[in-house]
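All values below were derived from every heavy atom in this structure, side-chain atoms included, with hydrogens, water molecules and symmetry-related copies excluded.
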Amino acid sequence: MTQRELPIRIAYVVPLQGSAGIFGPSCEACGDLAVAELCGAGGLLGREVELVVVDGGRRPDAVAREVVALWRAGAIDAVVGWHISAVRKEILRCVGGELPYVYAALHEGEFRTPGLFMTGESPGAQVLPALNWLRRHVDAHSWCVVGNDYVWPRQIAARAESHLTGAGMSHLGSTFTPLGTSDFSETLDWLEVHAPDAALVLLIGDDAVRFGRAFARRGLDEIMLRFSPILEENQVLAMGATATANMYSAAGYFDSLATAASLDFAARYHRFHGVEAPTLNSIGQSCYEAINVLGDLATRAGSLTVPALEAAAVGVTIDGSRGALRLGAGQADQDVYVAAARHLDLDVLERIHVA
């Protein structure tokens, strides 16, 4: 086969195990839809597109080793996916600047590596406006932070602490637990002692589910609200209707978002996958968006080389199922919405950031 006949192969790094494994089926389903649509429209740069799934739920060094092996074997042309920031950092350490890398997850907002395009929500567009909204609308003035112990929760907690102090709210403390924690008794004891109005929850996937159930069993859901920027529909379903009171999220997409673009996306998703489709959520949808951002930039650049994509991305606005994504300095700005958990769903309440 000539190079033009070979498919463009994307290392699709999504979690299939571990704390974030709950997101995996939605990520895979949304990725399959994105590739089917790209190929149905003629492919990318005149070539078919294939996903090479890499399990991003493993130790960061193991994930990075697999990506490096694929790259050295000439088996991938780009990296796309949703995975925790510890995995992102390790992949960048190994292949940063060598391959196009579209990172779909919400992030700390401070990375700048050639070829890295972060299309997820930044803290300045998501977490900080949501804290202000919750202060205005539900009187959340005093806060504690509960997070997993790695880079993203710690950096978001630091940003939140600084913001709360400057916005007339108070930060009463932060506590962090290892990924995979199952017993949150000490954390709940700590929250009861500090007695904040609200908890900023920066726990991932199954950890957040276990914490949410235990939080409700303690009765804390009746006296303390929870806000998590990573809360999505799979976690709400897993917690159950009795564990979701006074719980809020913020993201660029929810399954209940009723914009023309989001409704059209949901209709295509369910036509493609049928009635047994994995739950639509912000995390899976962000993967769909990231694949399409790579496709859009490659089409503009006429190439998948890092310099060409960097040049093509300057000042670009891409219309997608989240609405408009405005690229700048390797990051995307987008509309962000706050939502409230209602039994087994997340209901969009208001747009809190306009791209």
Quick one: do [X] and [Y] make a salt bridge, cutoff under 4.0 Å?
| X | Y | result |
| --- | --- | --- |
| Asp335 | Arg322 | no |
| Arg58 | Glu66 | yes |
| Arg9 | Glu48 | no |
| Arg268 | Asp264 | yes |
| Glu98 | Arg72 | no |

>> Quick one, Leu99 and Ile76 - any side-chain contact, counting heavy atoms below 4.5 Å?
In response: yes
> Under a 4.5 Å cut-off applied to non-hydrogen side-chain atoms, are Leu294 and Pro100 in contact?
Replying inline: yes
> Is there a path of hydrophobic side-chain contacts, each under 4.5 Å between heavy atoms of I, L, V, M, F, W or Y residues, that connects Tyr253 with Phe272?
Replying inline: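 Yes, Tyr253 and Phe272 fall within the same hydrophobic cluster.
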>> Is there a continuous path of hydrophobic side-chain contacts, each under 4.5 Å between heavy atoms, that joins Leu346 to Val336?
In response: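 Same hydrophobic cluster.
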Donor-acceptor pair, distance only, cut-off 3.5 Å: does the side chain of [X] make one with the backbone of [Y]?
| X | Y | result |
| --- | --- | --- |
| Asp55 | Leu16 | yes |
| Glu121 | Ala251 | no |
| Asn246 | Asp221 | yes |
| Thr317 | Arg326 | no |
| Glu192 | Leu220 | no |
| Thr113 | Gly96 | no |
| His194 | Pro196 | no |
| Glu289 | Asn292 | no |

Rounded to the nearest 0.5 Å, how far apart are [atom1] of [X] and [atom2] of [Y]?
| X | Y | atom1 | atom2 | value |
| --- | --- | --- | --- | --- |
| Leu304 | Ile10 | CG | CD1 | 8.0 Å |
| Phe211 | Met239 | CZ | CE | 9.0 Å |
| Phe23 | Ser282 | CZ | OG | 8.0 Å |
| Leu327 | Asp333 | CG | CG | 10.0 Å |
| Arg47 | Glu50 | CZ | CD | 10.5 Å |
| Leu257 | Asp347 | CG | CG | 11.5 Å |

>> Can you tell me how the ring of Tyr101 sits relative to the ring of Tyr103, calling it parallel under 30°, perpendicular over 60° and tilted otherwise?
In response: perpendicular
>> Between Asn234 and Ser26, is there a side-chain donor-acceptor contact under 3.5 Å, judged purely by atom types and distance?
In response: yes
> Can Asn148 and Asp207 be counted as having a side-chain donor-acceptor contact under 3.5 angstrom?
Replying inline: yes
> Does a sphere of radius 6.0 Å around CD in Glu222 hold more than 12 heavy atoms from other residues, nucleotides or ligands, not counting ones at 6.0 Å or beyond?
Replying inline: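 Open: at most 12 neighbouring heavy atoms sit under 6.0 Å from CD of Glu222.
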>> For the NE2 atom on His270, are there more than 12 heavy atoms of other groups (residues, nucleotides or ligands in this structure) within a distance under 6.0 Å?
In response: yes
